[in-house]
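Below you'll find the structure, written out as structure tokens, and then a few comments.
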Amino acid sequence: MRRKYLTGTLLDENIVCSLSDLCSMCNISAEMVHDMIDEGLIHPSGKDPRQWHFTSIEIHRIQTTIRLQRDLRVNLPGCALVLDLLDELEELRRLKRNR
Amino acid sequence: MEYKDYYDVLGIGRDASQEEVKQAYRRLARKYHPDVNKAADAESKFKDVGEAYEVLKDPEKRTAYDKFGPNWQAGQDFKPPPNWDAGFEFSGAGYTGADTTGFSDFFEELFGGGRFGGGRQQTATFRMQGESQHAKIVIRLEDAYMGSKQTLTLSRATVDKSGHVRTEPHTLHVTIPKGIIEGQRIRLEGQGMPGFGGGPNGDLFLEISFADHPLFHAENRDIYHTLAITPWEAALGATVPVPTLGGNVDLKIPLGSQGGRKLRLKGRGLSSSIKTGNQYVALRIVVPEPKNEEQKKLYQEMARLMPINPRRDTGA
């Protein structure tokens, strides 16, 4: 029997989604997205909520935030700090590996 | 079924207070959280710690667990004695809000759905989308360069008819698109955790990382390689074969090249249908060791004919 290979959606630098796409993909409310934007945790492009666009970076940051809140009870400012430090750590790991 | 020593998992004694149990759990949960800890076994340790806490934080479950006594060793084959839970009045639900997917058979047998109030069975009365699942996969650079098909096995929790949660291996065949780069993710809709009450399944997110490669490393879309050349190839210029992820190609070394010089092979990196990656080749000059008088003389001759102070800029 021939195997069926799944082809998913590649979340690369080109993917953009609207507020409602984002909410259904991450399973969160629009209100939570607003809170995360207020906290500076994510930065959509576009002027008002109807024109907002989110990239794969936002999707990843939101999903990590949800896990940090659920598993470690980190509040939103704490999540923003953790995410920024994780980005920095990732950059340092990359530099160290490629040295 | 293997016995699990929950006290050992949390690194505490059997006489630890509830406060100490909580503190040990919080410390270890932070340490092993898979978003923070990149070690390969961090996720399984994080789950073990969560499972241990799920039992030990609840005085009823802890008392029931303690009944087995301290003589069991972790990993030892274990069968609970019949009616081991008789005489306890279990008021709480089996699960207390923790994400119990991936808990061990040991936990499921003792505290799983149905036994401690059966928290899971109630969930069938409402519809809920399954949780999204996240996994990391390691692929070869060649697979990213060409695109490939991968077969992977993940563990996935399923709920059977009696409300028990079982962890089962879940095999997936996935197409990896050409030009995928490290850190990017593939979203597979409906391949995550099963939904409840007829709700849709969650999604599966696969994060890509690259296995180490003896010849290349990747930075975003670009591939880096260090190419060894001779002094005369560097000085006189030459066309030499250089490995790329798509096989050897010829590279023109310009006349008068120095060690460390970087040359670009356009489009030989991780290119997708719309984005182009390049390969950068850093030159490393291999100096032949003079093995006899004639060869030494040749170097002396060069020193005489081509005097140079390469340290002039440093003032040395």
Side-chain angles (χ1 to χ4, degrees), chain A residues 1-17 21-29 41 54-74 78-99, chain B residues 25-26 29-36 38 46-47 49-50 97-99 128-132 134 148-151 171-192 200 202-208 210 212 217-221 224 272-275:
Chain A
M1 200 183 80
R2 268 195 60 162
R3 276 179 183 164
K4 191 169 174 286
Y5 282 89
L6 301 166
T7 305
T9 316
L10 179 62
L11 303 180
D12 61 5
E13 58 269 61
N14 296 304
I15 199 131
V16 280
C17 58
D21 295 340
L22 185 78
C23 289
S24 72
M25 199 188 300
C26 300
N27 208 1
I28 59 168
S29 65
L41 204 140
F54 301 86
T55 67
S56 56
I57 295 169
E58 273 80 38
I59 298 168
H60 199 194
R61 286 175 79 91
I62 289 174
Q63 289 177 334
T64 307
T65 298
I66 293 168
R67 288 192 294 265
L68 290 171
Q69 288 180 323
R70 183 192 64 196
D71 300 337
L72 302 178
R73 299 168 309 118
V74 183
C79 287
L81 176 68
V82 170
L83 286 170
D84 289 350
L85 290 175
L86 282 177
D87 282 348
E88 207 173 316
L89 190 61
E90 196 53 47
E91 176 70 10
L92 289 174
R93 281 180 179 138
R94 195 180 63 75
L95 287 172
K96 185 175 168 234
R97 195 173 42 164
N98 294 340
R99 200 174 47 194
Chain B
Y25 165 73
R26 288 188 179 167
R30 275 200 307 275
K31 181 173 171 189
Y32 291 122
H33 196 275
D35 281 312
V36 180
K38 294 295 168 195
F46 181 73
K47 288 217 155 122
V49 166
D99 177 13
M128 198 172 99
Q129 185 182 336
E131 282 206 41
S132 53
H134 298 263
S148 71
K149 295 190 184 305
Q150 303 271 326
T151 295
T171 299
L172 279 172
H173 307 290
V174 184
T175 306
I176 306 290
K178 171 179 156 59
I180 200 164
I181 57 175
E182 197 157 36
Q184 280 184 345
R185 300 187 305 156
I186 299 172
R187 177 194 181 202
L188 296 163
E189 272 183 80
Q191 294 293 327
D203 299 337
L204 171 63
F205 292 86
L206 295 176
E207 185 176 338
I208 300 294
F210 291 145
D212 283 341
H217 79 258
E219 279 179 38
N220 288 318
R221 299 205 163 275
Y224 287 80
S272 67
S273 52
I274 33 176
K275 296 260 178 172

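Chain A is the first sequence line, chain B the second, and so forth, proteins listed ahead of strands; every chain is numbered from 1. Side-chain atoms are counted along with the backbone in the values below, which use heavy atoms only and exclude waters and symmetry mates.
Ranked by heavy-atom pairs shorter than 4.5 Å toward chain A, the options Gln184(B), Glu189(B), Arg187(B) are led by Arg187(B).
The two residues Arg30(B) and Leu72(A) have their closest heavy-atom pair at N-CD2, 3.6 Å. The heavy-atom pair separating Tyr5(A) from Val174(B) by the smallest distance is CD2-N, 3.6 Å.
Looking at Glu207(B), the atoms closer than 4.5 Å to chain A (heavy atoms on both sides) all sit in the side chain, from C-beta outward. Residue Ile208(B): no heavy atom, backbone or side chain, is found under 4.5 Å from chain A. Heavy-atom distances place both the backbone and the side chain of Leu10(A) under 4.5 Å from chain B. Of the atoms belonging to Tyr224(B), not a single heavy atom falls under 4.5 Å from chain A. Residue contact with chain A, scored on non-hydrogen atoms closer than 4.5 Å, is absent for Leu204(B). Proximity to chain B involves both the backbone and the side chain of Asp12(A), based on heavy atoms less than 4.5 angstrom apart. In this structure, no portion of Ser272(B) lies under 4.5 Å from any heavy atom of chain A.
For the pair Glu182(B)/Arg94(A), no side-chain contact is recorded, criterion being any heavy-atom separation below 4.5 Å from C-beta on.
Counting heavy atoms of neighbouring residues, nucleotides and ligands inside a 6.0 Å radius, atom CD of Glu91(A) exceeds 12 of them. In the displayed structure, Lys31(B) atom NZ is contacted under 6.0 Å by at most 12 heavy atoms of other residues, nucleotides or ligands. Counting heavy-atom neighbours within 6.0 Å of Asn220(B) CG, excluding the residue itself, gives a total of 12 or less. A 6.0 Å sphere centred on NZ of Lys275(B) holds no more than 12 heavy atoms belonging to other residues, nucleotides or ligands.
Annotation: the span from Leu6(A) atom CG to Thr175(B) atom OG1 amounts to 7.5 Å, rounded to 0.5 Å. The NZ atom of Lys149(B) sits 6.5 Å away from the OG1 atom of Thr7(A) when rounded to the nearest 0.5 Å.
Within residues 56-68 of chain A, the residues approaching chain B closer than 4.5 Å by heavy atoms are, in numerical order, Ile59(A), His60(A), Gln63(A), Thr64(A), Arg67(A), Leu68(A).
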